[in-house]
Amino acid sequence: MIEINHLVKKYGDHYAVKDLSFQVEKGQIYGFLGPNGAGKSTTMNIVTGYLAPTSGEVKVGGIDIMKDAENAKKKIGYLPEIPPVYPEMTVEEYMTFAAELKKIPKKDRKRAVLDACQMTGILEVQHRLIGNLSKGYKQRVGLAQAVLGGPEIIILDEPTVGLDPKQIIEIRELILSLKEKHTVILSSHILSEVSAVCDQILILSKGELVASDTPEALQKRMQKQSDICVTVRGEKENLLQIVNGMDGVEAVRVIKESCDDGSGEVEISITQMADCDIREELFYKLAENRMPIMNLHADTKSLEDIFLQLTEEEHNNDSDI
Ligand code: ADP
Ligand code: MG
C-alpha cells in the first residue's frame with residue numbers, strides 16, 4: 001500500500017527524518033511510536049503529501065507522491081497533529097466543505113458526509129457549532145473528515161492526545177473498526193496506546209527506525225533476556241548452592257522466604273547468561289535433589305522497557321525543542 005525508501009528530511013543541519021525505509025501492507029494497523037521530536041509528524045506530513053522530503057521516495061498504492069500528489073492524496077484520509085478547526089462552522093457545514101475539498105461528486109456528498117458522521121458517532125451533533133463541542137467530539141470530527149469518502153489509507157497523528165480515558169477507549173474502538181476496510185497508520189508517544197490497537201509497531205528515535213515488529217514479537221525479543229522466577233520447597237542455602245553451580249546462571253537473588261526452618265518455600269530470581277535457557281536443566285536438577293518447584297515463570301520485560309531501552313539516549317537529548 002505504501003512504500004517508503006530512504007526518506008530524509010533535514011532542517012538546516014538537523015535531521016528530522018534520517019534514511020527511513022519501510023512498507024505498509026493492506027488491511028493492517030501500523031503504529032508509529034516514539035518520544036516527542038522522533039520524527040513521527042514529519043514522516044506523516046511527507047507521506048500525505050503536505051511536506052516535501054529532502055530526499056527519498058514515497059509511493060502510495062504505486063503512485064509516487066512527489067510526481068502525482070493529487071492522485072496519491074486521493075487514497076489517503078489524514079488527521080494531522082493540529083486538526084484544521086473551524087469553530088464557527090457547524091459539523092455538517094464543515095463536513096460538506098471537506099467533501100468539496102476532497103472532490104467527492106456533488107450527488108454523493110450528502111451520503112458520504114452522513115456515512116462518515118455515522119461511523120464516528122457524531123450524527124447527533126451535526127447541527128452544533130464545532131467551537132462548542134467537547135475536545136473528544138472535536139477529535140471525532142477530525143476523524144470523520146479523515147474517513148470521509150472511504151479512502152483506502154487513513155493516517156492519524158496522535159489521535160487520542162488530550163482526551164480523557166473514556167474518550168480514548170471510544171476512539172480506540174473506532175480505530176479498530178476501521179481495520180475492516182482500511183489500512184491505518186497512527187502515531188503516539190504512548191506505548192500502551194499503540195500496543196492495544198496496532199498489528200505492527202514502528203519505533204522511531206531521532207528520525208531513525210529502531211525497531212519494526214508486531215507487539216508480540218517485540219515482547220518475545222525481550223523475553224529472551226528475561227529473568228526466571230522460581231519458587232521451590234526446600235532449604236535456602238542448599239537451593240542457592242545448586243542453582244549457582246549450574247551452567248548458564250549469571251546471578252541469583254532471593255526474593256522471598258516463607259519460613260527459615262528448612263520446611264518452607266523459597267522464591268528466587270535467576271539471571272541467565274545471554275542466549276541461555278536453563279529452565280529444563282533447573283527442573284531436572286531440583287527434582288534430583290527432591291526440591292519440588294511450586295512455581296516457575298519468566299519475569300518478562302514489558303513493552304514499556306523495550307521502548308525505553310530502544311529510545312534511551314533520547315531522554316538526555318534536546319531534540320524535542
Ligand atoms: P514528533 O512528531 O515525533 O514529535 P516531529 O516530526 O514533529 O516529531 O519533529 C522531528 C524533529 O524535527 C524535531 O526535532 C523537531 O524539532 C524538528 N522539526 C519539525 N518541524 C520543523 C520545522 N518546521 N523547522 C525546524 N525543525 C523542525
Ligand atoms: Mg508529532
Side-chain angles (χ1 to χ4, degrees), residues 2 4-22 24 29-58 60 65-66 69 73 76-85 135-136 138-139 141-143 145-146 153-163 167-168 171-172 175 184-198 200-213 215 218 303-304 306-321:
I2 302 182
I4 293 178
N5 289 315
H6 303 292
L7 197 67
V8 174
K9 179 71 188 177
K10 270 177 101 173
Y11 289 110
D13 286 341
H14 176 71
Y15 285 94
V17 174
K18 197 173 178 181
D19 197 23
L20 195 63
S21 298
F22 62 88
V24 167
I29 303 183
Y30 289 78
F32 273 177
L33 180 66
N36 289 328
K40 306 180 296 292
S41 299
T42 304
T43 307
M44 288 181 151
N45 281 330
I46 295 171
V47 173
T48 51
Y50 287 90
L51 189 67
T54 307
S55 62
E57 184 189 54
V58 177
V60 178
I65 192 108
M66 267 73 86
K73 274 182 172 181
I76 300 176
Y78 185 31
L79 173 68
E81 190 162 34
I82 301 157
V85 271
K135 173 104 182 132
K138 277 192 191 124
Q139 195 70 351
V141 174
L143 273 167
Q145 167 275 132
I153 302 157
I154 293 172
I155 300 186
L156 311 169
D157 197 354
E158 307 250 9
T160 58
V161 84
L163 302 184
Q167 293 166 336
I168 290 179
I171 297 286
R172 200 179 277 172
I175 292 170
V184 182
I185 307 177
L186 59 93
S187 72
S188 175
H189 59 282
I190 306 160
L191 182 83
S192 55
E193 187 70 41
V194 169
S195 52
V197 294
C198 296
Q200 286 283 331
I201 298 182
L202 303 155
I203 302 182
L204 288 178
S205 177
K206 294 183 199 163
E208 289 183 271
L209 193 63
V210 292
S212 161
D213 228 322
L218 281 173
L303 274 176
E304 215 82 38
I306 305 173
F307 177 54
L308 287 178
Q309 189 171 325
L310 288 168
T311 58
E312 214 152 48
E313 311 98 90
E314 200 76 17
H315 294 279
N316 307 320
N317 179 294
D318 60 358
S319 67
D320 184 24
I321 301 166

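Not measured: the values here are computed from a predicted model. In each ligand, atom 1 is the first atom listed, and ligand 1 is the first ligand listed.
Which parts of ligand 1 touch A38 is read off a 4.0 Å heavy-atom cut-off, strictly below it: atoms 1 (P), 3 (O), 8 (O). For ligand 1 and N36, the ligand atoms under 4.0 Å from any heavy atom of the residue are 4 (O). Taking every heavy atom of S41 and a limit of under 4.0 angstrom, the matching atoms of ligand 1 come to 1 (P), 2 (O), 6 (O), 7 (O).
Once rounded to the nearest 0.5 Å, the distance linking CD1 of I153 with OG1 of T48 reads 11.0 Å. Taken to the nearest 0.5 Å, the CD1 atom of I185 stands 11.5 Å off from the CD atom of Q200. For the atom pair E158 CD and I190 CD1, the distance stands at 7.0 Å (nearest 0.5 Å). I4 CD1 to D19 CG: the interatomic distance, rounded to the nearest 0.5 Å, is 12.0 Å.
By the side chain to side chain contact (heavy atoms under 4.5 Å, CB included) test, D213 is found to be paired with A217, L218, R221, residues two or more places apart in sequence or in another chain being considered. Every ring pair (Phe, Tyr, Trp, His ring centres under 6.0 Å) that F32 has, sequence neighbours left out, goes to F22. For the side chain to side chain donor-acceptor pair (under 3.5 Å) test, no residue two or more places apart in sequence or in another chain qualifies with E208.
At least one N/O-N/O distance between G39 and ligand 1 falls below 3.5 Å. The shortest N or O to N or O distance between K40 and ligand 1 is below 3.5 Å. At least one N or O atom of H14, backbone or side chain, sits closer than 3.5 Å to an N or O atom of ligand 1. For ligand 1, one of its N or O atoms has an N or O atom of T42 under 3.5 Å away.
Here the protein contributes S41 OG, E81 OE2 as N, O or S atoms under 2.8 Å from the Mg ion (ligand 2).
Checked by atom type and distance alone, the side chain of K40 never pairs as donor or acceptor with a backbone atom of L204 at under 3.5 Å. Using a distance-only test at 3.5 Å, with no hydrogens or angles considered, a donor-acceptor pair links the side chain of T54 to the main chain of K10.
Residue contacts with ligand 1 do not include H189, since none of its heavy atoms lies under 4.0 Å from the ligand.
Counting only N and O atoms by type, the side chains of S187 and D157 include a donor and acceptor under 3.5 Å apart.
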